[in-house]
Amino acid sequence: MTHVASGAAAARAGVDKVEIMDSWLAPRLPRLPGSGAELRLHDTAADARRLVVPSPGEPATMYVCGITPYDATHLGHAATMMAFDLIYRVWADAGHEVRYVQNVTDIDDPLLERAERDAEDWVVLAMRETALFREDMEKLRLLPPQHYVGVVESIPQIASQIERLLDMGAAYRLDDGAGDVYFDIASSEHFGYESGYDRDLMLRLSAERGGDPERAGKRDQLDPLLWRGARPGEPAWPASLGPGRPGWHIECAVIALELLGDQVDVQGGGNDLIFPHHECSAAHAEVLTGARPFARAYVHAGMIGLRGEKMSKSRGNLVFVSRLRGDQRGEKVDPMAIRLALLAGHYRADREWTDDVLKVGQQRLALWRDAMGLGAGPDGAALTAALRERLADDLDTPGALAAVDGWVADALAGKGEDPGAPRLVADAVDALLGVDVLL
Ligand code: 5CA
Ligand code: ZN
């Protein structure tokens, strides 16, 4: 089944619909008494914390860079997605409607390379891993985006926006006959503002993260690819640009513009996307629309590491959510314990996954369940206020967990006689942290 959405940008581009793949089932989201605090988030572009509140009368909007589906879902993906899930929860608790879009990079070099290595059809590989990701998100109780969008289904829109960039003189063709089109970073006066990185660092990261600074014939070494002309043996789509497939950054820029408008409140992903991905997406979007900044806050989650190195598909040092929650050594890990384990660190911190981190999550979940199953406890409203206050402060989950730990310890020590408190605290923990202790 697919949903159909239309957008002003789609209409402008002469395309009347965007096909959207299925998201996943939404968990229960309890409404809490009163209303939550407005959210402050660290914005990478400003390198400062700022209030991130939607324009009056408008929904809060968020675009999050999703998986490249060839090895899903490792704990790094889960941790990053969870940070944006908390933003959604804090906004909803503050009374805002939220519009959330996430993409799937279902065509890309690493996906094709993996399919080739395993002698598998890349479409089958992408569909299988995307299905697994959805199931993991559901089990971890992440709120689903309203639009979960594949790149493959968005190619006509992406191609037509690349044509607009060519028409505007912001893009150019390389004249070596390959049919490749590049973005001219000089067409954006502000290129570099999102990361704030110096040119040497940009050049190094561009080479490491899918760019091609050494390619001959480009106007600037940092110019990113917009359209890769068809190559023998590679998938390609027909377009008036010539057959080919899109470059990475333009995909996310166009999907976001189509479904969320010219500007978004939050553009998100892990901090490995600060440059070149989010810098280039912002530059593409801003040149296409003339609206600046593309995102009011660029929000980046830290990297989850294993044995001292970033957990990554290319390194292969992965812990999969599906394996943890499945039968492992005869033991199924409760997804809520995985959730608590990941929330114990601050979302912006690069941090290690260890057996101990998981054990602490499991112990915490057991204690919370005991306390929230009691007939009475200390003041639940005070705890709800403390949770709201901690999360609104750049998603201070260590502080939020400590506040709940304090309430739990008191409740288990028989302090507090409020019979409604355990239920209220369970609802607050569910609504704000996504942890269902009653499961
Ligand atoms: N498809 C692109 C984004 S358009 C991509 O980066 N895919 S990914 O599969 O490599 O990563 C998916 C999301 O998880 C991204 O937001 C990425 O920044 C984040 N991520 C990847 N590895 C880690 C990690 N070790 N720790 C935390 N987040 C991670
Ligand atoms: Zn992206």
Side-chain angles (χ1 to χ4, degrees), residues 44 62-85 87 101-114 125-126 129-130 132-134 136-137 140 142 145 148-152 154 158 194 205 208-211 224 246-257 259-260 264 266-285 294-295 298-321 341-343 345-353 357:
T44 300
M62 174 159 74
Y63 182 88
V64 174
C65 283
I67 57 163
T68 305
Y70 65 92
D71 238 349
T73 311
H74 66 61
L75 287 169
H77 300 141
T80 289
M81 297 311 161
M82 219 172 275
F84 297 96
D85 176 67
I87 292 176
V101 175
Q102 187 180 134
N103 77 305
V104 191
T105 310
D106 53 2
I107 176 72
D108 200 10
D109 293 339
L111 176 77
L112 295 175
E113 283 157 19
R114 175 61 59 92
L125 171 63
E129 296 299 313
T130 304
L132 192 55
F133 175 78
R134 286 199 195 94
D136 289 332
M137 294 297 101
L140 290 171
L142 279 94
Y148 189 50
V149 189
V151 165
V152 168
S154 312
I158 299 167
E194 182 267 341
L205 292 176
E208 282 172 16
R209 298 176 178 166
W248 180 25
H249 322 302
I250 190 69
E251 297 165 353
C252 285
V254 172
I255 295 171
L257 295 179
L259 293 161
L260 294 172
V264 296
V266 165
Q267 153 77 312
N271 64 19
D272 56 338
L273 301 184
I274 294 175
F275 192 90
H277 189 49
H278 288 171
E279 191 77 66
C280 293
S281 303
H284 296 335
F294 165 58
Y298 296 90
V299 179
H300 293 106
M303 289 295 111
I304 300 295
L306 187 72
R307 293 185 290 273
E309 283 206 275
K310 171 192 165 185
M311 213 177 262
S312 76
K313 292 178 277 224
S314 42
R315 286 192 188 88
N317 59 339
L318 306 177
V319 179
F320 293 103
V321 172
L342 290 171
L343 293 177
H346 189 259
Y347 81 97
R348 294 214 301 128
D350 291 338
R351 55 204 195 274
E352 280 275 303
W353 177 262
V357 169

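First listed ligand is number 1; within each ligand, the first listed atom is number 1.
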Present, as a list of atom pairs with distances to 0.1 Å, all nitrogen or oxygen contacts under 3.5 Å between ligand 1 and the protein.
residue	atom	partner	partner atom	Å
ligand 1	1 (N)	Gly66	O	2.8
ligand 1	1 (N)	Thr68	OG1	2.8
ligand 1	1 (N)	Thr105	OG1	2.6
ligand 1	7 (N)	Gly66	O	3.2
ligand 1	7 (N)	Thr68	N	3.3
ligand 1	7 (N)	Thr68	OG1	3.2
ligand 1	9 (O)	Thr68	N	3.1
ligand 1	9 (O)	His77	NE2	3.3
ligand 1	9 (O)	Lys313	NZ	2.5
ligand 1	16 (O)	Cys65	O	3.1
ligand 1	16 (O)	Gly270	N	3.2
ligand 1	18 (O)	Gly270	N	2.8
ligand 1	18 (O)	Asp272	OD1	2.6
ligand 1	25 (N)	Ile304	O	3.1
ligand 1	25 (N)	Met311	O	2.8
ligand 1	26 (N)	Ile304	N	2.8
ligand 1	28 (N)	Gly76	O	3.1
ligand 1	28 (N)	Thr80	OG1	2.7

Sidechain-backbone polar pair: Arg209 side chain, Pro276 backbone, donor-acceptor under 3.5 Å: no
Between the side chain of Glu352 and the main-chain N/O of Arg307, is any donor-acceptor distance below 3.5 Å? yes
Examine distances only and state if a side-chain atom of Asn317 and a backbone atom of Ser312 form a donor-acceptor pair shorter than 3.5 Å. yes
Closer than 3.5 angstrom, by distance alone: can the side chain of Asn103 be matched with the main-chain N or O of Val149 as a donor-acceptor pair? no
Without swapping roles, check the side chain of Arg348 against the backbone of Asn271 for a donor-acceptor pair under 3.5 Å. no
Short question: side chain of Arg114, backbone of Leu112 - any donor-acceptor pair under 3.5 Å? no
Give the C-alpha distance, both sets of side-chain angles, the deciding distance and a yes or no for side chain to side chain donor-acceptor pair (under 3.5 Å) between Ser281 and His249. CA-CA 5 Å; Ser281 303; His249 322 302; 5.0 Å; no
Nearest 0.5 Å, please: how far is CG in Leu318 from CG in Leu75? 9.5 Å
Which N, O or S atoms belonging to the protein are less than 2.8 Å from the Zn ion (ligand 2)? Cys65 SG, Cys252 SG, His277 NE2
Quick check against the 3.5 Å criterion: does Thr130 have a side-chain atom that pairs as donor or acceptor with the backbone of Pro69? no
